[in-house]
Amino acid sequence: MKTKTLIISVIIIVVILLLSTIRIYNRFVKFEEDVKTAWSQVETQYQRRADLIPNLVNTVKGYAQHEQETLEEVVKARASATNTKVNYDDINENILAQYQSTQDILSEALSRLLLVIERYPDLKANENFITLQSQLESTENRIAYERRRFNEVSKEYNTYVRRFPTNLFARLFSFTEKPYFKSVEGAKDAVEVSF
């Protein structure tokens with residue numbers, strides 16, 4: 001009778017441990033999928049901005065023919081930003097910093113272009129330009145939102161990775177911390193787009 005009770009007790013403990021391990025692993029998977037989804041949204045918004053730039057450059061070209069150097073700078077920065085690809089599975093702090101750097105260079109080039117546009121009142125009144133301005137401003141706000149969201153879900157995931165006893169399972173199943181977007185020095189808000 002004692003042996004039977006002991007065997008049943010051991011089986012119950014093993015089942016509880018197994019179910020707990022499955023639950024913890026599935027939470028890791030859920031958190032990691034949340035981070036992947038948030039990253040995908042960040043990339044989508046950056047791509048949306050990149051897609052708007054050729055239309056903006058072409059609209060400005062017709063009015064600001066003397067600003068060829070600025071336009072070329074924007075086109076070059078866009079090419080660099082769109083060529084910088086990040087595979088989510090390889091993402092780490094250095095790769096994210098490099099990605100962010102190319103996006104920041106594009107933001108700076110856009111800011112310089114938008115400052116130049118102030119000298120062209122006819123351009124600022126162009127209906128196509130006004131629409132692009134609105135879309136670009138909306139996209140910059142979306143980028144800021146998605147970056148914040150990425151950081152929030154990464155924080156939730158990273159907390160789970162580091163918390164005891166889940167940190168033991170994180171090591172066992174090779175779940176590692178995810179990097180965060182960092183603020184650009186001197187920038188507190190999204191790029192200001194005003195005409």
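In this chain, residues are counted from 1 in sequence order. Fair warning: this is a prediction, and the values are worked out from it, not measured in the lab.
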Worksheet item: Can you find a pair of side-chain heavy atoms, one from N151 and one from R148, that are under 4.5 Å apart?
Response: no

Worksheet item: Counting only N and O atoms by type, is there a donor-acceptor contact under 3.5 Å from the side chain of S134 to the main-chain atoms of T131?
Response: no

Fill in: Minimum heavy-atom distance between T102 and Y99, given as atom pair plus value
OG1-O, 2.8 Å

Item to complete: Report the relative orientation of the aromatic rings in F175 and F173; use parallel for angles under 30°, tilted for 30 to 60°, perpendicular for over 60°.
Response: perpendicular

Worksheet, complete the sentence: Checking L113, L110, V75, T82 against I53 for side-chain contact (heavy atoms from CB on, under 4.5 Å), the one that qualifies is L110

Worksheet item: Should we say atom OH of Y88 is surrounded by more than 12 heavy atoms from elsewhere, each under 6.0 Å from it?
Response: yes

Worksheet item: Which atoms form the tightest heavy-atom contact between D104 and R147, and what is the distance?
Response: OD1-NH1, 4.3 Å

Fill in: Spacing of E73 atom CD and E108 atom CD [to the nearest 0.5 Å]
9.0 Å

Fill in: Side chain to side chain, L136 and L56, heavy atoms closer than 4.5 Å
yes

Worksheet item: Once you round to the nearest 0.5 Å, how far does CD1 of I143 lie from CD of E43?
Response: 12.0 Å

Discussion item. If only side-chain N and O atoms count, and only distance matters, is there a donor-acceptor pair under 3.5 Å linking R162 with Y157?
Written reply: no

Worksheet item: Under 4.5 Å between side-chain heavy atoms, hopping through other hydrophobics if needed: is there a path connecting Y46 to V74?
Response: no

Fill in: Step-by-step side chain to side chain contact (heavy atoms under 4.5 Å, CB included) determination, Q100 to I105
CA-CA 9 Å; Q100 184 175 347; I105 290 168; over 6 Å; no

Item to complete: Scan side-chain atoms only and decide if N167 and Y160 contain a donor-acceptor pair under the 3.5 Å cut-off.
Response: no

Worksheet item: When you look at NZ of K85, are more than 12 heavy atoms from neighbouring residues, nucleotides or ligands closer to it than 6.0 Å?
Response: yes

Worksheet item: Going by heavy atoms in the side chains, are V60 and V57 under 4.5 Å from each other?
Response: no

Worksheet item: If every non-hydrogen atom of T59 is compared with every non-hydrogen atom of N55, which pair is closest and at what distance?
Response: OG1-O, 2.8 Å

Worksheet entry | In one Ile/Leu/Val/Met/Phe/Trp/Tyr side-chain cluster, 4.5 Å: I130, I117 | no

Practice prompt. State yes or no: do I95 and L106 share one hydrophobic cluster built from I, L, V, M, F, W and Y residues joined by side-chain heavy-atom distances below 4.5 Å, directly or via other members?
Written response: no

Discussion item. Once rounded to the nearest 0.5 Å, what's the spacing between atom CD1 of I7 and atom OG1 of T3?
Written reply: 6.5 Å

Could you go through residues 11-32 and list every donor-acceptor pair under 3.5 Å that involves a side-chain atom there, pairing it with any protein atom two or more places apart or in another chain?
residue, atom, partner, partner atom, Å
S20, OG, I16, O, 2.9
T21, OG1, L17, O, 2.8
N26, ND2, I22, O, 3.3
K30, NZ, D34, OD2, 2.5

Discussion item. Working note: D122 + N126, criterion side chain to side chain contact (heavy atoms under 4.5 Å, CB included); need CA distance, chi angles, decisive distance, verdict.
Written reply: CA-CA 6 Å; D122 291 344; N126 177 289; over 6 Å; no

Worksheet item: From N158 CG over to K178 NZ, what is the distance, rounded to the nearest 0.5 angstrom?
Response: 8.5 Å

Response to the item:
Of all heavy-atom pairs linking P179 and S154, the shortest is O-OG, 3.8 Å

Worksheet item: Passes side chain to side chain contact (heavy atoms under 4.5 Å, CB included), L6 versus K2? Steps please.
Response: CA-CA 6 Å; L6 182 63; K2 282 185 172 183; over 6 Å; no

Response to the item:
In R48, R49, Q47, the residue satisfying side chain to side chain donor-acceptor pair (under 3.5 Å) with D51 is Q47

Worksheet item: Counting only N and O atoms by type, is there a donor-acceptor contact under 3.5 Å from the side chain of E146 to the main-chain atoms of W39?
Response: no

Discussion item. Under a 3.5 Å distance rule, please check whether S101 uses its side chain to pair with a backbone N or O of A97 as donor and acceptor.
Written reply: no

Worksheet item: Heavy atoms, side chains only, cut-off 4.5 Å: are S138 and R142 in contact?
Response: yes

Fill in: Residue pair Q45 / T139: nearest heavy atoms and the distance that separates them
O-CG2, 3.5 Å

Worksheet item: Which atoms form the tightest heavy-atom contact between L96 and Y180, and what is the distance?
Response: CD2-O, 3.3 Å

